[in-house]
Amino acid sequence: MLTTPQSENWAVEFIRADGDERSVQDGFATRGDAEYFGQCTWAGPGGRGIEQVHVRQLPHGPWQAVAPASVCGGIRL
């Protein structure tokens, strides 16, 4: 029996430092892609004010914390 690999669907959640604002972006094929996007966004200029980043597999996976990055795309942050 052949099985075709199904694309995973991962989402990234950004939580602002004040805790009142959350934003979610989905459509990532793998957990690694979602974590990389979350880490790079968090570490970049657009990440100011973000306190936490989480990823989860959709539709019902648990949110999992992402550690801050010190390197993104080969550039030391």
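Just the heavy atoms: all of them, side chains too, but no hydrogens, waters or symmetry mates, feed the values below. In this chain, numbering begins with 1 at the start of the sequence shown.
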Residue of the set Leu58, Val55, Asp33 for which side chain to side chain contact (heavy atoms under 4.5 Å, CB included) holds with Trp10: Val55
Grab the two heavy atoms, one from Ala34 and one from Ala11, that are nearest each other, plus how far apart they are. CB-O, 4.5 Å
Using links of under 4.5 Å between side-chain heavy atoms of ILVMFWY residues, direct or through other members, which residues join Val24 in one cluster?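 Listed partners: Trp63.
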Which residues share a side-chain hydrogen bond (donor to acceptor under 3.5 Å, both in side chains) with Gln64, sequence neighbours left out: Arg31
So do Glu13 and Arg56 actually touch side chain to side chain, heavy atoms under 4.5 Å?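 Not in contact.
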Only distances under 3.5 Å count here; give the side-chain donor-acceptor pairs of residues 41-53 to other protein atoms, sequence neighbours excluded, each with its distance to 0.1 Å.
from: Thr41; atom 1: OG1; to: Phe37; atom 2: O; distance (Å): 2.8
from: Trp42; atom 1: NE1; to: Ile50; atom 2: O; distance (Å): 3.0
from: Gln52; atom 1: OE1; to: His54; atom 2: NE2; distance (Å): 3.3

Between the CD atom in Glu35 and the OG1 atom in Thr30, the distance rounded to the nearest 0.5 Å is 8.5 Å
Can you measure from CG (Asp26) to CD (Gln57) and round to the nearest 0.5 angstrom?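 If we round to the nearest 0.5 Å, Asp26:CG and Gln57:CD are 12.5 Å apart.
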